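Just so it is clear: chains get the letters A, B, ... in the order the sequence lines come, proteins before strands, and each one is counted from 1. Since the model is a prediction, treat every value here as computed from it, not as a measurement.
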2 protein chains.
Amino acid sequence: MEPPKADVNVKLTTKGRYAVSAMADLAATGSQGPVALSDVALRQAISLSYLEQLFAKLKRAGLVASVRGVGGGYILSAAPGDIRIAEIVAAVDEQIRTTACASGSSLGCQGTTARCLTHDLWDELGRQISIFLNAVTLEDIIEKRVLGMAAVNPPHRNAEKYTGAAE
Amino acid sequence: MEPPKADVNVKLTTKGRYAVSAMADLAATGSQGPVALSDVALRQAISLSYLEQLFAKLKRAGLVASVRGVGGGYILSAAPGDIRIAEIVAAVDEQIRTTACASGSSLGCQGTTARCLTHDLWDELGRQISIFLNAVTLEDIIEKRVLGMAAVNPPHRNAEKYTGAAE
DNA sequence: AAGAAATCCGACTATTTTAGTCAACAATAA
DNA sequence: TTATTGTTGACTAAAATAGTCGGATTTCTT
């Protein structure tokens, strides 16, 4: 059984990060039974109300299941190794609004002159991000297997290896 | 002479896209002399006033030079092959505000339990995006050499090749 | 049956960011 | 000198983000 793949918009807000943090918390602590959001809220320093919002979406996306009542909480719908980060982000982050030359669609791209020169660029970047977030699972996070992934290959020139942050 | 490298925050708004489009326009049309923003505004369908804002920042970053008066406009400060997309994005997009567990800094990351489990993840993603945007230059864009870059290597599992957008 | 612990639900709000507009000014070429 | 273009800064409207709040519902425990 292979994990489903999610498409990720080039949009990464704190909402998505909170969701991933909360899901990682669930993966790390909830191996036995359901975990109450109030616990997650304390551990991750996120407000309970906000977490409730996020988990409503996560549940709608089928990533978690809920148990109501005393002793209830949320459980992952699948093993941590089968939940990709891309799915989490896609579940909580709303669709990016398509400005002018939207990534993916060729809207308004009847380019005569220089218009939409950058279309391919954003397309490709979005694809790179998707690939990355689809390659990492919750298990990778709690096992700390994320760092040190190989770099992308530049298109044509033999680019010097990019070592780190400038400045 | 090697192009400088810029650090890119994990933040990609239309502002950055507009700037890249405008710079690509400049690269494509302005090989002889300065290009007036009014022309760029028409071709790229961006409002002139907004472009002025963006180019003020681009100039401050040293990516373009300006010529005032009749026949004036903006010129690239370097050859298209020496201007990386990352520099453009970094010039116009403000610094991301560091929430809770900021990428790069270890602020608030005195993690006892599960806190900051995702730190490495966002760090690594930011690095991937930086690598990509640092690998692409304006020349690549106008020569359409952007598409078909190699995928990132997943961390540990031998992930199935991600072929495209789901759904 | 009562109460506590939890999810659920929807409306509301505050803050920030984005995406501009507008007006006035400065330099320069024709 | 006049038209063209850049320069600057203040201002604004709309959208997205990041929540809050109040209440309802379910279910376990006593």
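Side-chain nitrogen and oxygen atoms of S66(A) include at least one within less than 4.0 Å of the OP1 or OP2 phosphate oxygen of dC8(C). The side chain of S47(B) contributes an N or O atom lying less than 4.0 Å from OP1 or OP2 of dT21(C). Checking the phosphate oxygens (OP1, OP2) of dG19(D), a side-chain nitrogen or oxygen of Y18(A) falls inside 4.0 Å.
Closest to the side chain of A36(B), from the set dG19(D), dT5(D), dT18(C), is dT5(D).
One interatomic measurement links the two molecules: CG of L54(B) to P of dT17(C), which rounds to 17 Å at whole-angstrom precision. Taking atom CD1 on I75(B) and atom P on dG6(D), their separation rounds to 11 Å, with Å as the unit. Atom CG in L37(A) sits about 8 Å away from atom P in dC8(C), given to the nearest Å. Residue K59(B) contributes atom NZ, which lies 12 Å from atom C1' of dA26(C) at whole-angstrom precision. R17(B) has its CZ atom 12 Å from the P atom of dT18(C), to the nearest Å. Atom pair L51(A):CG and dC9(C):C1' shows a separation of 16 Å (rounding to whole Å applied). Atom pair K57(A):NZ and dT7(C):P shows a separation of 18 Å (rounding to whole Å applied). Regarding L58(B), its CG atom lies at a distance of 15 Å from the C1' atom of dT7(D), rounded to whole Å.
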*Quick one, give me the B/S/- string for nucleotides 21-30 of chain D, reading 5' to 3', where B means a protein heavy atom under 4.0 Å from the base and S means that only happens at the primed atoms, P, OP1 or OP2.*
B---BBBB--

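Both K15(A) and G73(B) sit near DNA chain D, but only G73(B) has its closest nucleotide nearer the 5' end.
With hydrogens and angles left out, the side-chain atoms of T137(B) and D82(B) include no donor and acceptor closer than 3.5 Å.
Considering only heavy atoms from C-beta on, I88(B) comes within 4.5 Å of L138(B) through its side chain. At a threshold of 4.5 Å between non-hydrogen side-chain atoms, the residues W122(B) and R17(A) count as touching. With contacts defined as side-chain heavy-atom distances shorter than 4.5 Å, the pair V20(A)/I141(A) qualifies.
Counting any heavy atom pair closer than 4.0 Å across all strands shown, Y74(A) reaches sugar-phosphate atoms only and no base atom.
Side chain of E87(B) to main chain of R84(B): a donor-acceptor pair is present (N/O by atom type, distance under 3.5 Å, no hydrogens or angles).
By the side chain to side chain contact (heavy atoms under 4.5 Å, CB included) test, S31(A) is found to be paired with no residue, residues two or more places apart in sequence or in another chain being considered.
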Can you give each donor-acceptor pair under 3.5 Å made by side-chain atoms of residues 56-81 of chain A, sequence neighbours left out, with the distance rounded to 0.1 Å?
unit_1, atom_1, unit_2, atom_2, d
K57(A), NZ, E94(A), OE2, 2.4
K59(A), NZ, S66(A), OG, 2.9
S77(A), OG, G62(A), O, 3.2
S77(A), OG, L63(A), O, 3.3
S77(A), OG, V64(A), N, 3.3
S77(A), OG, V64(A), O, 3.4

